[in-house]
Amino acid sequence: MLEQQNLSQTARTTNYTQSTLSARVQKMEQELGAAVFQRTSFGLQITEAGILYKNFLRQTCEHYELLQQQLLVQPTQITLGMSRSSIHLYGSVIAKALQQQGNSPNFIIKTSGIINGQVRRNELSYAIISEPVQFFEDVRYTILADEFFDIVSHHAIQLKPNQPDFTLLVLSKTCVYTTKVVQWLESENINYQLKEIDSVGTIKDLLQLPRMAAVLNTKLIEPQDQLTEHLIPIDRTTKTYFICHNSVPSLLLPSLKKN
């Protein structure tokens with residue numbers, strides 16, 4: 001609550017009801033003897049006391065995680081669940097961070113829904129996923145980044161009904177990017193074929209062919225690619241979350257945020 005200053009957003013993130021969160025804020029303020037939020041017509045606004053308390057809690061969490069690092073024997077291999085898009089964006093950063101800690105990563109590439117359940121069952125050390133359909137109370141969800149995606153190609157393609165089929169290249173048929181674009185294409189009766197390719201380099205090579213387009217995170221597109229963006233009237237933003245079970249210390253998170 002102190003970080004987000006938004007009751008409804010915090011309710012979605014933590015899977016608590018807004019009334020429960022309001023009660024916890026009241027209890028927090030009673031214990032501190034000071035208001036942490038000012039109620040305004042624009043919503044909650046954190047007070048000076050709230051900022052001081054937030055900083056105190058952050059430092060306490062950092063000290064506790066440092067204590068866990070000193071007490072726990074770290075495994076030599078850490079399993080990470082990731083989507084194909086996520087591993088292209090964050091794989092090298094994670095591998096470097098783990099190697100510096102004396103660990104080696106074992107990447108498990110699956111869809112966000114499957115990975116979310118595996119973390120809940122403690123089958124994975126950590127995971128990086130797109131915004132999940134369901135938030136579990138025994139899993140910690142930390143927003144890592146806001147992402148943006150689009151349809152791109154080397155050739156102009158008319159995304160209109162009654163046009164010849166074009167091939168849509170994707171890293172995963174089940175990722176949130178693909179789902180949003182496919183829903184829009186079908187709602188507009190646009191003819192397309194879907195092809196899953198697990199390499200960004202291969203996708204860019206195939207885009208040299210006519211009637212080829214791709215759904216890609218914009219961070220995967222380099223300026224020299226000279227790709228044509230197809231702006232479509234849907235929400236093309238998503239959030240990427242770092243998640244781990246409550247029983248697992250989030251030792252990797254500081255390195256990811258730093259990078």
Side-chain angles (χ1 to χ4, degrees), residues 1-6 9-16 21 24-25 27-34 36-37 46-83 86-87 89-108 112 115-132 135-147 239-259:
M1 280 290 295
L2 293 168
E3 290 282 359
Q4 296 182 342
Q5 301 178 51
N6 185 296
Q9 185 176 344
T10 306
R12 288 195 300 270
T13 304
T14 60
N15 211 26
Y16 285 108
L21 289 173
R24 292 199 173 197
V25 169
K27 184 179 178 182
M28 182 194 307
E29 292 177 329
Q30 288 172 358
E31 290 176 348
L32 287 175
V36 297
F37 289 118
I46 194 167
T47 63
E48 287 295 325
I51 293 172
L52 289 172
Y53 190 50
K54 180 180 70 172
N55 293 338
F56 166 77
L57 292 177
R58 185 185 291 119
Q59 291 174 1
T60 303
C61 290
E62 290 173 355
H63 291 161
Y64 182 70
E65 289 188 357
L66 179 60
L67 174 64
Q68 288 180 314
Q69 291 181 48
Q70 295 170 342
L71 293 177
L72 296 177
V73 177
Q74 295 299 313
T76 56
Q77 190 171 72
I78 292 179
T79 55
L80 294 112
M82 302 180 75
S83 67
S86 296
I87 199 167
L89 290 168
Y90 301 104
S92 61
V93 174
I94 290 173
K96 181 179 179 181
L98 288 174
Q99 287 167 1
Q100 289 174 345
Q101 297 174 8
N103 298 307
S104 60
N106 177 30
F107 294 108
I108 307 297
S112 294
I115 291 171
N116 196 27
Q118 287 183 310
V119 172
R120 188 189 190 192
R121 296 190 296 272
N122 243 336
E123 296 172 4
L124 296 170
S125 308
Y126 306 110
I128 293 179
I129 65 173
S130 300
E131 188 162 355
F135 290 85
F136 300 114
E137 286 190 21
D138 45 1
V139 177
R140 293 202 301 278
Y141 298 86
T142 304
I143 296 176
L144 192 61
D146 291 322
E147 310 289 359
K239 293 186 182 299
T240 293
Y241 284 78
F242 172 86
I243 66 174
C244 61
H245 195 273
N246 285 338
S247 62
V248 178
S250 52
L251 306 180
L252 185 59
L253 186 57
S255 298
L256 289 177
K257 286 188 171 181
K258 180 180 178 181
N259 289 278

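Position 1 is the first residue of the sequence; numbering continues from there. Excluded from the calculations below are hydrogen atoms, water molecules and symmetry mates; all remaining heavy atoms, backbone and side chain alike, are included.
Not one N or O on the side chain of R140 forms a donor-acceptor pair closer than 3.5 Å with the backbone of C244. A distance-only check finds a donor-acceptor pair linking the side chain of E29 to the backbone of V36 [under 3.5 Å]. Put simply, the side chain of Y141 never gets that close to the backbone of E131: no donor and acceptor are under 3.5 Å apart. Between the side chain of S112 and the backbone N or O of S130 there is at least one donor-acceptor pair closer than 3.5 Å. Judged purely by atom type and a 3.5 angstrom limit, Q5 uses its side chain to pair as donor or acceptor with the backbone of I46. A side-chain donor-acceptor contact under 3.5 Å links S125 to the backbone of T79. Within the 3.5 Å criterion, the main-chain N or O of E137 finds a donor-acceptor partner in the side chain of N246.
At least one side-chain heavy atom of N122 sits under 4.5 Å from a side-chain heavy atom of V248. In this structure, the side chains of I128 and T240 come closer than 4.5 Å at one or more pairs of heavy atoms. Proximity of L89 to E147: side-chain heavy atoms (C-beta onward) are separated by under 4.5 Å at one or more points. Contact annotation: the side chain of I94 never approaches that of Y126 to less than 4.5 Å [non-hydrogen atoms, C-beta and beyond].
For Y241 and F135, the ring centers are positioned less than 6.0 Å apart.
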